[in-house]
Trainee: 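First, the structure itself, so that you have it in front of you.
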Protein chains: 2
Amino acid sequence: MTVTTIEEIHKYPDQTVTLRGWLYNKRESGKLVFLILRDGTGFIQCVAFKKDLPEEVWDAAKSVTQESSLMITGSVRKEERAPYCGYEMGVQNIEIVSKVEGEYPISLKEHGADFLLEHRHLWLRTPSQMAVMRIRAEVMAASRDFFNERGFVNVDAPIITANACEGTTNLFQIDYFEDQAYLSQTGQLYMEAAALALGKVYCLGPAFRAEKSKTRKHLTEFWMIEPEVAFLTFEENLAMQEEYVSYVIQRVLKTRAAELNLLERDTSKLADITAPFPKISYDDAVKLLQEKGSEIQWGDDLGAPDETLLGEHFQKPVFVHRFPSAIKAFYMKPDPDRPEVALGADLIAPDGYGELIGGGQRIDDYDLLVQRIQEHDLPMEAFGWYLDLRKYGSVPHGGFGLGIERFVAWISGVEHVRETSPFPRTIYRIQP
Amino acid sequence: MTVTTIEEIHKYPDQTVTLRGWLYNKRESGKLVFLILRDGTGFIQCVAFKKDLPEEVWDAAKSVTQESSLMITGSVRKEERAPYCGYEMGVQNIEIVSKVEGEYPISLKEHGADFLLEHRHLWLRTPSQMAVMRIRAEVMAASRDFFNERGFVNVDAPIITANACEGTTNLFQIDYFEDQAYLSQTGQLYMEAAALALGKVYCLGPAFRAEKSKTRKHLTEFWMIEPEVAFLTFEENLAMQEEYVSYVIQRVLKTRAAELNLLERDTSKLADITAPFPKISYDDAVKLLQEKGSEIQWGDDLGAPDETLLGEHFQKPVFVHRFPSAIKAFYMKPDPDRPEVALGADLIAPDGYGELIGGGQRIDDYDLLVQRIQEHDLPMEAFGWYLDLRKYGSVPHGGFGLGIERFVAWISGVEHVRETSPFPRTIYRIQP
């Protein structure tokens with residue numbers, strides 16, 4: 001007997017095949033039972049007719065419960081009106097692999113967020129969560145492909161680190177044998193070292209922030225892509241960012257249309273996201289925001305409401321560039337024409353998804369970097385190797401960091417990043 | 001002026017272009033200076049003739065020091081005898097971006113391992129280390145492509161976890177706000193949950209072992225790929241493993257031939273690594289090893305010398321299957337025909353690289369899993385969600401885990417895994 005998957009069923013019209021999966025839902029109507037099977041690749045309606053079936057198969061169809069695992073053998077029919085996949089299966093045999101006894105925790109009605117997170121291992125089985133996971137996987141693959149195809153070398157940054165890159169406030173501490181160490185917040189400093197060896201590099205791995213924030217945009221553990229390029233100008237850096245973001249979105253639109261449709265995402269808005277993106281200086285952004293009623297003053301960082309206002313105004317991701325150096329990381333290169341602002345930019349997503357990218361040029365002058373490390377009260381000895389990069393063959397260089405979960409949330413149109421991480425970690429949650 | 005890279009230089013024969021990079025090495029011979037430039041994509045010899053050059057350019061050629069960053073403009077010549085890339089550049093102009101003053105720490109002579117690890121940020125710039133990093137990136141990409149092309153969904157397992165999957169002995173502990181948590185040793189348990197949602201999944205991310213071992217095969221932080229498949233048989237599991245390993249090796253042979261050549265890897269041995277691989281039961285392996293002089297007794301785990309003996313005997317990766325259940329993880333499914341052995345296998349690499357893969361079938365019976373958790377003295381409450389997977393739609397399933405750094409070490413022929421991690425972490429090293 002041919003064993004296949006729902007995704008491949010279109011290859012077997014009018015043939016008898018076996019599918020293996022789980023019962024997603026069931027409807028009964030007298031002598032008919034409609035079994036909705038899911039197998040990870042899709043959903044299909046299987047129709048059991050009492051008159052066509054031996055008694056034990058009919059009994060199995062009647063008695064099988066939600067999320068029981070089973071194998072169904074039957075004939076494949078193309079059926080335009082069939083829900084889910086455009087095909088239907090006429091049941092000939094059912095083999096229940098493992099029957100769920102008692103009530104399945106996640107019913108098809110609404111549950112609260114806490115309950116669902118507590119049952120993340122089962123919540124993942126619902127159609128919306130599977131769709132988000134497939135979109136996430138595609139964003140990861142598209143991100144790697146974009147940089148691999150352009151000659152970047154994937155270099156993984158370490159997670160365990162002795163360096164407190166941006167201060168220790170938001171770092172998780174680890175007991176490392178007799179020592180103390182931290183979970184890495186960013187791979188950037190390591191990518192700078194790698195870029196001076198390999199020219200163009202990126203890392204894509206987990207990053208950690210021990211922030212006590214409970215917003216819909218923050219997780220304590222998230223995945224981040226961080227490309228870094230030697231001999232890169234600021235303008236080239238922004239161009240790389242807008243091309244990358246556009247590439248990923250256009251690819252997901254093409255390859256994950258069914259999932260976006262299931263999530264009821266308005267894809268017409270995404271279709272418009274193509275490079276170039278609008279660019280506004282921090283100075284002008286502050287003025288614009290003040291006109292729109294924000295209380296922001298020059299020198300302040302953008303607040304979440306400010307980001308939302310900018311997103312509404314531009315309806316596209318927008319670069320805000322040349323922030324005051326004082327509110328940016330110690331390694332940011334000052335604008336040579338105006339040293340009080342940094343040659344960096346944040347890319348703000350539309351629809352209130354906030355800062356998608358932070359990036360810019362890095363200080364390549366040894367003395368200035370020493371000065372900044374002192375000003376920021378960072379431990380000089382931990383940065384010896386980082387300073388070496390300015391001592392031995394320093395070059396202009398830059399890059400950016402993008403958090404995958406927030407990107408996926410925006411693309412999928414889901415409200416909260418906790419739905420875009422397979423097993424989200426937040427201040428109150430490290431289970432399951 | 002066209003700015004290009006060494007990798008692309010073959011597109012510009014007899015044209016004048018600019019290269020940007022670092023001085024790898026220099027030879028002088030009277031009125032000639034040979035500058036070896038590296039730019040991350042390759043190495044090229046640039047020839048400066050005193051008589052062709054303005055005085056300041058000649059002075060730059062004479063005075064530029066190892067690892068200084070520079071831009072060289074010149075004419076491209078195809079030259080079969082030229083070292084490195086088969087092209088040579090006739091220097092017309094040199095612009096030094098940042099000159100290294102004093103001695104560069106890593107000279108071209110031999111250094112000790114500790115010194116090189118201490119300077120990992122600079123050591124990465126040497127040809128052998130760049131070659132290993134490129135091979136590593138290709139192994140990562142090939143691994144993802146193999147599973148992506150076969151319909152697997154990439155699901156990332158969490159790093160921060162409350163679960164001590166295989167006991168707490170080898171776990172790093174984290175301060176998680178007011179709580180205690182651990183760094184994940186394996187994503188497998190999470191992949192099992194995801195496989196029951198999405199059918200076929202894999203994770204590829206960092207894993208952590210707080211082992212005090214100082215062998216050439218261990219790091220405290222390494223990357224691991226862990227595929228997991230619902231409705232998989234043990235035989236299908238082994239077939240998936242041998243196809244995956246063969247695919248990656250054959251692809252690296254094709255796409256990273258230059259790097260393997262630079263590392264003086266005997267590629268004829270790798271060319272033979274194609275599926276299927278030999279398979280031997282643990283029982284027979286113990287007998288074979290005893291004949292070869294090992295003191296192993298039935299019930300013992302394989303020691304490193306045993307693995308080396310098996311590798312020598314088979315000259316190919318070899319599966320050792322059906323180990324005693326007592327020495328394997330609590331979740332391993334017993335062989336139904338002989339419950340004292342587990343339906344699992346280790347894949348042993350040749351040439352003393354040791355265990356490449358550990359994998360097998362997982363217990364899918366609820367009661368047996370409860371019993372094993374008790375026998376292994378593991379905290380039942382932490383495994384509530386894992387037990388749910390056996391309560392709600394359990395299916396036969398299995399998968400495996402492969403450590404990327406060890407795989408790369410074998411493929412590259414480098415002796416120690418610390419050279420295959422960009423920034424290796426060992427018991428005594430978390431810097432740089």
Side-chain angles (χ1 to χ4, degrees), chain A residues 20 22 39-41 67-69 97-98 100 104 121-122 124-125 130 133-134 137 140-141 144 148 151 153-162 172-177 181 183 190 193-194 197-200 205-206 221 223 230-231 385 388-389 392-395 422-423 425 427 430-432, chain B residues 20 22 39-41 67-69 97-98 100 104 121-122 124-125 130 133-134 137 140-141 144 148 151 153-162 172-177 181 183 190 193-194 197-200 205-206 221 223 230-231 385 388-389 392-395 422-423 425 427 430-432:
Chain A
R20 306 182 296 193
W22 297 266
D39 74 348
T41 73
E67 283 303 320
S68 294
S69 48
V97 178
S98 173
V100 173
Y104 181 68
H121 54 296
L122 303 177
L124 280 176
R125 302 180 183 186
M130 279 196 276
M133 287 302 112
R134 288 184 174 280
M140 298 279 283
R144 293 179 184 277
N148 289 347
V153 183
N154 173 206
V155 177
D156 295 304
I159 303 301
I160 297 172
T161 172
F172 289 113
Q173 196 170 301
I174 320 164
D175 300 330
Y176 195 80
F177 302 108
L183 290 185
Y190 298 97
L198 293 154
K200 298 193 281 187
E221 174 179 335
W223 280 60
F231 292 104
W385 69 268
D388 273 359
L389 307 179
Y392 303 118
S394 188
V395 296
F423 295 91
R425 268 68 181 111
I427 173 166
I430 49 172
Q431 281 263 25
Chain B
R20 306 183 296 194
W22 296 266
D39 74 347
T41 74
E67 283 302 320
S68 294
S69 47
V97 178
S98 173
V100 174
Y104 182 67
H121 54 296
L122 303 177
L124 280 176
R125 302 180 184 187
M130 279 196 275
M133 286 303 112
R134 286 184 176 280
M140 297 280 282
R144 292 178 183 280
N148 288 346
V153 183
N154 173 205
V155 177
D156 295 305
I159 303 301
I160 298 172
T161 171
F172 289 114
Q173 196 169 300
I174 320 163
D175 300 329
Y176 195 81
F177 302 106
L183 291 185
Y190 298 97
L198 292 153
K200 298 192 281 188
E221 175 178 335
W223 281 59
F231 293 104
W385 68 269
D388 273 359
L389 307 178
Y392 304 117
S394 188
V395 296
F423 295 91
R425 268 69 182 112
I427 173 167
I430 50 173
Q431 281 266 24

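All values reported here derive from a predicted model rather than from experimental measurement. In what follows, chains carry the letters A, B, and so on, assigned in the order in which the sequence lines appear, proteins first and then strands, with residues in each chain numbered from 1.
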Trainee: Could you pull out all residues at least two apart from A:W223 that satisfy ring pair (Phe, Tyr, Trp, His ring centres under 6.0 Å)?
Mentor: none
Trainee: In terms of heavy-atom pairs under 4.5 Å with chain B, which of A:V155, A:I159, A:D39 leads?
Mentor: A:I159
Trainee: When rounded to the nearest 0.5 angstrom, what is the spacing between NE2 in A:H121 and CG in B:D388?
Mentor: 3.5 Å
Trainee: Starting at CZ of B:R144, measure out to CG of A:N154 and round the result to the nearest 0.5 Å.
Mentor: 7.5 Å
Trainee: Can you tell which of B:T41, B:L124, B:V100 has the highest number of heavy-atom pairs within less than 4.5 Å of chain A?
Mentor: B:V100
Trainee: Contact between B:I160 and A:F172 at the side-chain level, heavy atoms closer than 4.5 Å - yes or no?
Mentor: yes
Trainee: Under 3.5 Å, is there a donor-acceptor pair between the side chain of B:E221 and the main chain of A:P158?
Mentor: no
Trainee: Measure the shortest side-chain to side-chain distance between B:V153 and A:M130 over non-hydrogen atoms and say whether it is less than 4.5 angstrom.
Mentor: no
Trainee: Heavy-atom distance under 4.5 Å to chain A: side chain of B:Q173, backbone, both or neither?
Mentor: both
Trainee: Between B:F423 and A:T161, is there a side-chain heavy-atom distance shorter than 4.5 Å?
Mentor: no
Trainee: Hey, does B:D156 have a side-chain heavy atom less than 4.5 Å from the side chain of A:M140?
Mentor: yes
Trainee: Below 4.5 Å from any heavy atom of chain A, which atoms of B:S394 appear? Answer side chain, backbone, both or neither.
Mentor: both
Trainee: Is any side-chain heavy atom of A:F231 less than 4.5 Å from a side-chain heavy atom of B:V97?
Mentor: yes
Trainee: Please list, chain by chain and in numerical order, all residues satisfying side-chain hydrogen bond (donor to acceptor under 3.5 Å, both in side chains) with B:R125, sequence neighbours excluded.
Mentor: B:E67
Trainee: Minimum heavy-atom separation for A:L122 and B:Y392, please, with both atom names.
Mentor: CD1-CD1, 3.9 Å
Trainee: Counting heavy-atom pairs closer than 4.5 Å to chain B, which one of A:P206, A:A230, A:S68 comes out on top?
Mentor: A:P206
Trainee: Please rank B:G199, B:A194, B:G205, B:A197 by heavy-atom pairs under 4.5 Å with chain A and give me the top one.
Mentor: B:A197
Trainee: Under 3.5 Å, is there a donor-acceptor pair between the side chain of A:W385 and the main chain of B:P432?
Mentor: no
